[in-house]
**Q** 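Sending over a structure as structure tokens; questions will come in a sec.
Every number for a ligand or one of its atoms is a count from 1 in the order of the listing.
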Amino acid sequence: MEKLVSIDPSNGEEVGHVLVTPIQEISRIVLNAKKAQKEWGRLSPQERAKFFDEIAKEVSDNAHDLTELLSREMGKDYRRASGEVRGAGYGAVHIAEEVLKAIKPVNQMGTSINYVPLGVVAVISPWNYPLMMAVNLIIPALIAGNTVVFKPSEETPLIAEEYVKILKKYLPKNVIQIVHGDGEQGKALVESDVNMIAFTGSQAVGKDIMQRSASGLKRLVMELGGNDPMIVLEDADIERAARFAVASSFENAGQMCTSTERIYVDQRIAQEFEDEVVAIASAYKYGAWNEERINYGPIINDSQREKIIKHIEDAKEKGAKVLLGGKEHPDRYIVPTVIAEVNETMLLEQEETFGPVVSMSSVSSVGEAIRKANDSNFGLGAVVFGEKDAGHIAENLEAGMVGINRGPGSGSGPWVGAKQSGFGYHGTVSGHRQFTQVKVIN
Ligand code: NAD
């Protein structure tokens, strides 16, 4: 059988391998999931949730090894990887508790509204948060009584394999199964006899999935890419805004769906803001996951790194001003880069760059800032820093999640995209219910 080799992005060495799932195997795997769902679906949601106490303990007991594997395979440092592992352990128990509340039947005047399983859910996930992006979809699907066929990213198969091994140890047979491979396995899974596709990944793949699943009217939850804007107003706390701008642009080497990709700053404070950003960004260190005090790691692969360099070069050619970095990137990394005077003709502004680049331009009015921020078919997150007009601007930003003087995501809200950044979402009552069929009994 064909091997899928996992590479350490910091040095190009093999971390390990798994076997690619042959395409012709996928229909049998889905059939097994269908059969297993009958029994699993008959358990009460509370009975299903109980399995996750032991699973959390096992994840927690193995946290060190899992963290190291995640770091080596994906490139993020140990501290950040360990946060993800915690999320897959006791964090999953918390998600399960929230799902239980969300799917409790509701009785009103002789009618009961029930949230019953859909059947088999295909979970397809990306590499940038290889555990959390999977857990956020797998747990609501399972607690709701579905069985899951999970296809992790081809960049991070090992951590997915280890997590699924733990799930399999405690869950009944075939309640969770894994399919390894790339887009070909993903397509075959989407076209198989699954009832729902819960996907986190790029906008382009999301569109392909929507097309391929149309004939079966399969249910979809799609958490897609972003090109998040940040607006900095004249009355913003400049130092705080600059800290956020750098941290959010560089987090996970910029490989974060809600990383800040475009900054529009009031021209009256632009110079001061730029100086502050450069001072903060200059102190950022990159390196391998096990190096001391690094802020971000390598880029996941060569093609992603070449795309980032192409965006930087394109901006330079079109007249943007490089204030920091932008050249002499060592193999596998992108140096901390700050670019000003970016405009709408540049790839940095038009597309999701997904790299450690602060990209900014100045604006002369609040209206111009809002217009530019909304001039995108993405609409995942957005942030505004400032006081007087911040609330009004937040209301006018076309994004699923907007942060005022903070990041866009909130632990107590759903993780949701607007426009072409999402279709369906997860988290909170309405998010969890998307993994169920609503059934009314009169
Ligand atoms: P990707 O879309 O290339 O791949 C995601 C997954 O889909 C992988 O498992 C891949 O093998 C599979 N796949 C590829 N082609 C497929 C097809 N035609 N049909 C079915 N499956 C297919 O994304 P990526 O490069 O792994 O991840 C980065 C992207 O994910 C970025 O755009 C990022 O913004 C986005 N993302 C979004 C969120 C969110 O919550 N909105 C979170 C994390 C990442």
**Q** For the residue pair Y170 and F51, is the inter-centroid distance of their aromatic rings smaller than 6.0 Å?
**A**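 Between Y170 and F51, the centre distance exceeds or equals 6.0 Å.
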**Q** Got a sec, which residues hit ring-ring contact (aromatic ring centres under 6.0 Å, His included) with Y78, two or more places apart in sequence or on another chain?
**A**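 For Y78 the ring-ring contact (aromatic ring centres under 6.0 Å, His included) partners, ignoring immediate neighbours, are H64.
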**Q** With the criterion set at N/O pairs under 3.5 Å, what does the list of contacts between the protein and ligand 1 look like, atom names and distances included?
**A**
unit_1   : atom_1 : unit_2 : atom_2 : d
ligand 1 : 2 (O)  : S202   : N      : 2.8
ligand 1 : 2 (O)  : S202   : OG     : 2.6
ligand 1 : 9 (O)  : S125   : O      : 2.8
ligand 1 : 9 (O)  : K151   : NZ     : 3.1
ligand 1 : 11 (O) : K151   : NZ     : 2.9
ligand 1 : 11 (O) : E154   : OE1    : 2.6
ligand 1 : 18 (N) : D208   : OD2    : 2.8
ligand 1 : 25 (O) : W127   : NE1    : 2.9
ligand 1 : 26 (O) : W127   : NE1    : 3.3
ligand 1 : 30 (O) : G201   : O      : 3.4
ligand 1 : 32 (O) : E352   : OE1    : 2.7
ligand 1 : 34 (O) : E352   : OE2    : 2.5
ligand 1 : 40 (O) : W415   : NE1    : 2.8
ligand 1 : 41 (N) : L224   : N      : 3.4
ligand 1 : 41 (N) : L224   : O      : 2.7

**Q** Regarding H426 and Q434, is there a side-chain donor-to-acceptor distance under 3.5 Å anywhere?
**A**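 No, no side-chain donor-acceptor contact under 3.5 Å.
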**Q** Could you tell me which residues satisfy ring-ring contact (aromatic ring centres under 6.0 Å, His included) with Y425, sequence neighbours excluded, listed by chain and number?
**A**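 Testing Y425 for ring-ring contact (aromatic ring centres under 6.0 Å, His included), a comparison that skips the adjacent residues, returns none.
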**Q** Among I334, N227, L348, I312, exactly one meets side-chain contact (heavy atoms from CB on, under 4.5 Å) together with T353. Which residue is that?
**A**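 Only one of I334, N227, L348, I312 forms a side-chain contact (heavy atoms from CB on, under 4.5 Å) with T353, namely L348.
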**Q** May I have all residue pairs that pass salt bridge (charged side-chain N to carboxylate O under 4.0 Å, His left out) and include part of residues 174-190, sequence neighbours excluded?
**A**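 Only E184-K187 qualify under salt bridge (charged side-chain N to carboxylate O under 4.0 Å, His left out).
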